[in-house]
Amino acid sequence: MTGALEWLDRPTDCDVPRPHPPRKALMTNGIVIMDISGQLQPCFYLPATDEWYLLPATECRRLDMGHGDHETVSCQGKVFIITDDLARSQCYDPDSNRWSPVSWANKLSFLTAAVPALAVKNKICFFINEEFRSTALWIYSFDSNSLSSLGNWIDRACFCAVAVDRYIYVLGGNLWSTRKVLSECTRFDTEKNEWQKIAPLNEARKNALGACKNEKIFIAGGWYLDWFQVELLNTCEVYNILTDEWQFIASLALCRTLGSMVVVDETLYVLGGGCQSAGKFSDKVKYYNHEDNEWNDKATVPVNKITLREREEEPYHFKGCSLRVFKGVLTKLQSISE
């Protein structure tokens, strides 16, 4: 009883966990979609029913989001919009339907250059560009409300990072020193603080999309630099963790880079990202049909219904993450049709 009262009376930026998780029948799974250019209002898409909802506008859209790195991460039933200025990132709590400052704001006020971020169990891991062109890993723990750094640890940037249990898989990317695009892959054990090499990708790539589903890691798109000629990719690969092998699967219809891959109800979705036309970003949500080994159209982001201001020259750039919410939350949101 005390736990329930504490949860009900919590401030919006508090990380007090829900005392009793709702029954699965009362939950629904969807995708939170953000536009890092700040021109569109955040939205929540339910693939199972093909419904769209508006989320409250976030203060992040005022932080010059279109000119820095940005990630959308779900952890502990909340969504975190992580900007290049980490201290000014925002957190969305679906139970209160509000955005608030992140709990690590005061602890990360001196870090201003974030690259990929992801959730590992009850922690948020930040990849930070350090001096001398190296990348360091910082970990924020919600359980202890503490921040720790593992120091400079990798001479790589623009890689795809995927979390599986306690491991962080670092796939592809490019060397800081030479800008060479890589096929090399490694994984990092966040508990033992150890690195382990794994099989390389079949195709070198950077800024690719990736996610884990059923002990397999999927990676798609990205781009490759060949004699100063940029080649956008539409190829996709899957990694079997048990056998340490990569295999090609069906390619995307369009090349994509800098988008998102998410898993909802055991289905893989890709969204956002640049396609082969210069300056052209995709508003299509596609899903992977495992049985037929093909990517199919699922939905189109309703851009006209979530526009916050008149479109500027800068294109829309979507990022997304999965989110599991109590169905009652949907009654607080404004429903929109595609």
Side-chain angles (χ1 to χ4, degrees), residues 10-15 29-46 51-109 111-119 124 126 140 142 258-260 262 264 271-273 281 283 285 301-312 314-326 329-336:
R10 77 200 190 288
T12 58
D13 61 347
C14 180
D15 291 314
N29 301 313
I31 305 173
V32 174
I33 300 177
M34 296 285 300
D35 164 42
I36 72 169
S37 70
Q39 299 177 65
L40 304 178
Q41 189 163 339
C43 58
F44 186 49
Y45 174 58
L46 300 179
E51 295 176 290
W52 293 85
Y53 294 87
L54 283 178
L55 298 182
T58 168
E59 292 294 316
C60 287
R61 68 185 179 91
R62 303 175 186 171
L63 303 183
D64 201 23
M65 290 173 64
H67 298 280
D69 290 319
H70 151 259
E71 288 292 339
T72 307
V73 177
S74 61
C75 186
Q76 294 193 323
K78 300 177 183 180
V79 171
F80 297 85
I81 305 302
I82 301 174
T83 63
D84 55 342
D85 185 345
L86 291 176
R88 301 177 72 184
S89 301
Q90 295 275 299
C91 170
Y92 173 70
D93 185 342
D95 293 312
S96 63
N97 193 31
R98 295 180 183 177
W99 292 93
S100 60
V102 292
S103 52
W104 62 73
N106 294 332
K107 302 176 184 294
L108 285 171
S109 59
L111 295 176
T112 58
V115 283
L118 70 167
I124 297 283
F126 310 94
Y140 175 78
F142 290 98
L258 293 172
S260 295
V262 300
V264 176
L271 59 100
F281 283 77
D283 59 359
V285 179
V301 180
V303 171
N304 293 335
K305 297 188 177 183
I306 60 177
T307 302
L308 289 167
R309 59 178 185 266
E310 185 177 353
R311 182 166 183 169
E312 301 171 356
E314 189 172 34
Y316 302 135
H317 186 168
F318 300 114
K319 282 291 186 76
C321 65
S322 60
L323 180 66
R324 183 176 175 84
V325 301
F326 175 53
V329 168
L330 302 179
T331 63
K332 306 175 186 178
L333 307 179
Q334 179 184 344
S335 177
I336 55 177

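From a predicted model like this one, the values you see are computed outputs, not experimental measurements. We use all heavy atoms of the structure for the numbers below, so side chains are in, but hydrogens, waters and symmetry mates are not.
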Which atom of K319 lies closest to which atom of T72, heavy atoms considered = CB-OG1, 3.7 Å
ask   = Quick one: does V102's side chain get under 4.5 Å of Y140's, heavy atoms only?
value = no
query = What distance separates D93 CG from R98 CZ, expressed to the nearest 0.5 Å?
reply = 9.5 Å
Option passing side chain to side chain contact (heavy atoms under 4.5 Å, CB included) with Y53 (candidates I336, L46, V32) = L46
key: Residue pair C75 / A119: nearest heavy atoms and the distance that separates them   = CB-CB, 3.9 Å
query = Below 4.5 Å, heavy atoms only, C-beta onward: do V301 and I306 meet side chain to side chain?
reply = yes
query = Between T83 and R88, what is the shortest heavy-atom contact and its length?
reply = OG1-C, 4.1 Å
request  = State, yes or no, whether a side-chain contact exists between V329 and D95 at a heavy-atom distance under 4.5 Å.
outcome  = yes
remark   = Here the pair of heavy atoms bringing P94 nearest to K78 is CD-CA, 4.3 Å
inquiry  = Go through it in stages, so that I can follow the logic: the residues are I124 and I82, the test is side-chain contact (heavy atoms from CB on, under 4.5 Å), and I'd like the CA-CA distance, side-chain angles, deciding distance and then a yes or no.
reply    = CA-CA 10 Å; I124 297 283; I82 301 174; 4.0 Å; yes
message = Using only atom types and a distance under 3.5 Å, with no angle test, would you say the side chain of S74 pairs donor to acceptor with the backbone of S322?
response = yes
ask   = Does the W99 side chain pair with the main chain of P56, one donor and one acceptor, at a distance under 3.5 Å?
value = yes
task = To the nearest 0.5 angstrom, please state how far the CG atom of D35 sits from the SG atom of C43.
result = 9.5 Å
Side chains of Y92 and N97 in contact at under 4.5 Å (non-hydrogen atoms) = yes
ask   = What about Y45 and F318, are their ring centers closer than 6.0 Å?
value = no
inquiry  = To the nearest 0.5 Å, what is the distance between CG on L333 and CG on L54?
reply    = 8.5 Å
remark   = NE2 of H317 to OG of S260, rounded to nearest 0.5 Å, is 7.5 Å
ask   = Can you find a heavy atom in the side chain of F80 that is under 4.5 Å from one in the side chain of S89?
value = no
ask   = Would you say M34 and T58 make side-chain contact, with heavy atoms under 4.5 Å?
value = yes
note = For V264 and G30, the nearest pair of non-hydrogen atoms, with its separation, is CG2-O, 3.7 Å
request  = For the pair I33 and W52, evaluate side-chain contact (heavy atoms from CB on, under 4.5 Å) and give the outcome as yes or no after the intermediate values.
outcome  = CA-CA 10 Å; I33 300 177; W52 293 85; 3.7 Å; yes
